[in-house]
Amino acid sequence: MNLAHLLARTARVLPEQPAVALGTRELYSYGELFRRAAKIAGGLRGLMGLQTGDRVALFMTNCPQYLELLYGIWHAGLVAVPINHKLHAREVAFIVDDSAAALLFVADDPGEDERIWREKNSDLRVVPVDAATYRRLTSADPIAIVPRTPDDLAWLFYTSGTTGQPKGVMLSQRNLLAMTLAYFPDVDQVTPSDSILYAAPMSHGAGMYNFAHVLVGARHVIPESGGFDAHEIVLLSQRFRQVSLFAAPTMVRRLVDQVSERSADCSGIKTIVYGGGPMYLEDIRRSLDVLGDRLVQIYGQGESPMTITALSRQHLANRAHPRHRERIASVGVAHSVVEVVVADADDQLLPTGAIGEVLVRGETVMQGYWRNPQATATTLRNGWLHTGDIGSLDADGFLTLKDRSKDVIISGGTNIYPREVEEVLLRHAAVAEVSVVGRPSAEWGEEVVAFVVCQAGVSVPIAELDRLCLDSIARFKRPKDYIFVSALPKNHYGKVLKTALRRHWTQYGEN
Ligand code: AMP
């Protein structure tokens, strides 16, 4: 099996079906997309001399070339290494060196960065997609799909590395096919009249949703901005109708603002799949109110991509359910292709309601970390993927996440889950963002500290935040200290870097 067959099949069955659009401009049909991928595959092997299993990295904003390159790479029996386009040249250098990539496709002339990328990987060839070399590739002689087995590596996915160096998650052909097939029962139905819009980086989860849409023959729309612009998304959804997109919680919030404050018409949006980080209860409620029943949540991680649990449109929409509040605050139920349990430190399964680490096993779980047996052995133990996320399952199988295990605060011997405190503080109208972490304390081991970002132009008295906590959660969970900052440190995926907050106490002045 080779993922390239998904495209080949649709190109045969629906050759005239529109496949790729840049903004509102239709570019290629499925027949054309397949032919381009087959030529690129021929070029990668013939002109570039690449061999089965070689790694090819992509460092580009979302662009039409992304899809044809991914499929060209798989068609040729090679491994794709998509890299987040926001990474620094040194971070890119780490990935191209670690993966020993033979080739790096980039959006435009790399200038000085090329020297940095090639410092440790002098064999690396860099190809801008607007260069003559790329045009030669796309006009090479097409080849037949190179056969691959289900366990062959397809996508080397570099983790966001919120703690230390990124690791290459090895995703096989089978992993990605299982993830794709789970989309239909667990996330959404897709028809050939649908479009998927890439508002989040194609190097990450949004790009992985290409498969389900290729399989059915839906259109792939690349925004001209190459990324997330709420206004552009609304316009494109009005043009194409039945548009689905994957969005991180911050993007959903911006879309909600666009619709509620500018009365934008979101009737062209079919589904917004959100996930990748916690979405707070107040935000979910507001999103449901403003966007209607268009939301589906997924919880996944690179190590089991996009597929640990899902909270369906029906569950989110069923406001009459007696446990609706708990359910929309959960991440839903296990995806159909995996088992999800909560276990203690010895991997013993815990009863309903008990809090422990979330473990996963099944077809989507990675094969391990690339050339890193030690990290693999720590994460894949006793047949389970250890997610590092802490949560509990209810009697109906809904999983509620508490926090990452490394973020749990242990104060006076009791576990405090930062997210619970954050949820409370965010209810204050003047609080824009908040992150709660543990600070070493001689008396308690750790004590709770909240980093708070206020809404523009407003401040908030500490007494009000204290009162909010005292009214809602146990006294010992209340922050001992509030530190007001203008912004929270985040990585390139928008995730708050709690490690940075913990490391740099003194860097942030209290005001
Ligand atoms: P990454 O591998 O970079 O995609 O990060 C995966 C991590 O993001 C997970 O282990 C969770 O901690 C977090 N995450 C992903 N999806 C969700 C979600 N729906 N709700 C809360 N946290 C999430």
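What you see below is based on every heavy atom in this structure, not just the backbone, and it leaves out hydrogens, waters and symmetry mates. One-based numbering, in listed order, for ligands and for the atoms of each.
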Trainee: Rounded at 0.5 Å granularity, tell me how far OH in Tyr198 sits from OG in Ser203.
Mentor: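 Tyr198 OH to Ser203 OG: 12.5 Å, rounded to 0.5 Å.
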
Trainee: Hey, is NE2 on His88 packed in by over 12 heavy atoms from elsewhere, all under 6.0 Å?
Mentor: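 At most 12 heavy atoms, drawn from other residues, nucleotides or ligands, come within 6.0 Å of this atom.
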
Trainee: Sequence neighbours left out, cut at 3.5 Å: what donor-acceptor pairs do the side chains of residues 208-216 make with other protein atoms?
Mentor:
residue, atom, partner, partner atom, Å
Asn210, OD1, Tyr71, OH, 2.6
Asn210, ND2, Gly207, O, 2.8
His213, ND1, Tyr209, O, 2.9

Trainee: Taking side-chain contact (heavy atoms from CB on, under 4.5 Å) as the definition, give me every residue that meets it alongside Lys120, ordered by chain and number, with sequence neighbours left out.
Mentor: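 Result, side-chain contact (heavy atoms from CB on, under 4.5 Å) vs Lys120: Asp97.
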
Trainee: Write out the protein residues near ligand 1, meaning a non-hydrogen atom under 4.0 Å from one of its atoms, in order of chain and number.
Mentor: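 Under the 4.0 Å cut-off, ligand 1 touches Ser160, His204, Gly275, Gly276, Gly277, Pro278, Gln297, Ile298, Tyr299, Gly300, Gln301, Gly302, Val331, Asp389, Leu401, Arg404, Lys495.
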
Trainee: Sequence neighbours excluded, which residues qualify as side-chain contact (heavy atoms from CB on, under 4.5 Å) partners of Arg427?
Mentor: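 With sequence neighbours excluded, Arg427 shows a side-chain contact (heavy atoms from CB on, under 4.5 Å) to Glu282, Val424, Leu468, Ser472, given in chain and number order.
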
Trainee: Please check if the distance between the ring centroids of Trp370 and Tyr158 is under 6.0 Å.
Mentor: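 Ring-ring flag for Trp370/Tyr158: false, centres at least 6.0 Å apart.
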
